[in-house]
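Letters go in sequence order (proteins before strands), and every chain restarts at 1. Predicted model, so just to flag it, every value in this text is computed and none were measured.
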Protein chains: 2
Amino acid sequence: MSDSEEAIQAIGENAPVSEILSVEKAQRMAEFFGVLGDPNRWRILSALASRELPVGELAEAVEMSESAVSHQLRVLRTMRLVSYRKRGRNVYYCLKDKHIFNLYQEASEHLDEPDDG
Amino acid sequence: MSDSEEAIQAIGENAPVSEILSVEKAQRMAEFFGVLGDPNRWRILSALASRELPVGELAEAVEMSESAVSHQLRVLRTMRLVSYRKRGRNVYYCLKDKHIFNLYQEASEHLDEPDDG
DNA sequence: GTGATACCTGAACGGATGTTCAAGTGTTTG
DNA sequence: CAAACACTTGAACATCCGTTCAGGTATCAC
């Protein structure tokens, strides 16, 4: 059974109590979602959703220092949420795939739900 | 324009650079995902995915102290990820809605993607 | 070459976070 | 009533995280 299948069964079906996420899988989940647990990273991601941007413009758009943005971009790169291409002195960043949109919408729905949802 | 519509447009469409998430919306997103940024909370959630559980059994299942579990359950309650019902001396917790499953699967897909995904 | 630009990196500092421990509330049992 | 049980809560403490700051690399203009 693949790591993914093990986890989906554990969380999705009527499994016994002992069927909880392995520490390793829980760790990976937490690392990923932890990256999305910072407001400035969300602002960076939303800025890149509109279009590809070099670091300087990105920093200006989200009102952060270039250094702070660069640090955060490294985190986002590590989680493969953004990719980049070098062009002269500039480095253009953009979103890597569509998962971030789905995650955003899913969370948005949850947050917009009434209290009894 | 509602808060949600503003954000979806900002992140989903071909908006100008200035169309980034408001600080407030970014904050709410980060708070929500931040809750999912802890491995023990994922283990708790996955344990509750199998069935409703009282705090003591839950603590045993995830191998944490009752106190630690209780603290974390309060966080999960605040984000409306779990609900509970009191029954005698016990308090039974369960998952509140289906969003957690979708978030899990979306993240799982992303993590399982090859490097060029 | 020198200087300016664009970006990255490492150390350090301050604030946030998760655990433990001790004490508290409420409920059931004798 | 007292004692045991199930759970919650607040404070303390250690760790983690994101920023700033200073300095580093690489590219372009002159």
When rounded to whole Å, the CG to P distance for the pair A/L53 and C/dA6 reads 14 Å
Test item: A/F32 and A/L103 side chains (from C-beta on) under 4.5 Å apart, heavy atoms: yes
Rounded to whole Å, CG of A/N90 lies from C1' of D/dA26 at a distance of 12 Å
Each nucleotide of nucleotides 19-30 of chain C classed B (base within 4.0 Å of a protein heavy atom), S (only sugar-phosphate) or -, in 5' to 3' order, makes SBB----BBB--
Margin query: When you compare the side chains of B/S46 and A/K25, does any donor N or O come within less than 3.5 Å of an acceptor on the partner?
Written below: no
Does A/N102 reach the side chain of B/E106, with side-chain heavy atoms less than 4.5 Å apart? yes
The correct set of residues in residues 29-37 of chain B placing a heavy atom under 4.0 Å from DNA chain C is none
Do A/Y93 and A/R85 get their side chains close enough for a donor-acceptor pair, meaning under 3.5 Å? no
From CZ of B/R43 across to P of C/dG18 the rounded distance in Å is 16 Å
B/E66 atom CD is separated from D/dT9 atom C1', nearest whole Å, by 14 Å
Only one of B/D38, B/L81, B/L73 passes side chain to side chain contact (heavy atoms under 4.5 Å, CB included) with B/I44, and that residue is B/L73
Discussion item. For B/W42 and B/Y104, take the angle between the two ring planes, folded into 0 to 90°, and tell me which bin it lands in: parallel under 30, tilted 30 to 60, perpendicular over 60.
Written reply: tilted
When rounded to whole Å, the CG to C1' distance for the pair A/L73 and D/dG18 reads 14 Å
Taken to the nearest whole Å, OH/A/Y84 to C1'/C/dA6 is 15 Å
Whole-Å distance, B/E57 CD to D/dA6 C1', equals 12 Å
Open item on the list: Side chains of A/R77 and A/K96, heavy atoms from C-beta outward: is any pair under 4.5 Å?
Closed with: no
A/Q27 CD to D/dC16 P, in whole Å, measures 11 Å
Cationic tip of A/R87 above A/Y92 ring, under 6.0 Å, 45° of axis:
no
**Prompt:** Can you find a heavy atom in the side chain of A/L58 that is under 4.5 Å from one in the side chain of A/E66?
**Reply:** no
Could you tell me whether the phosphate oxygens of D/dT8, OP1 or OP2, come under 4.0 Å of any side-chain nitrogen or oxygen in B/Y93?
yes
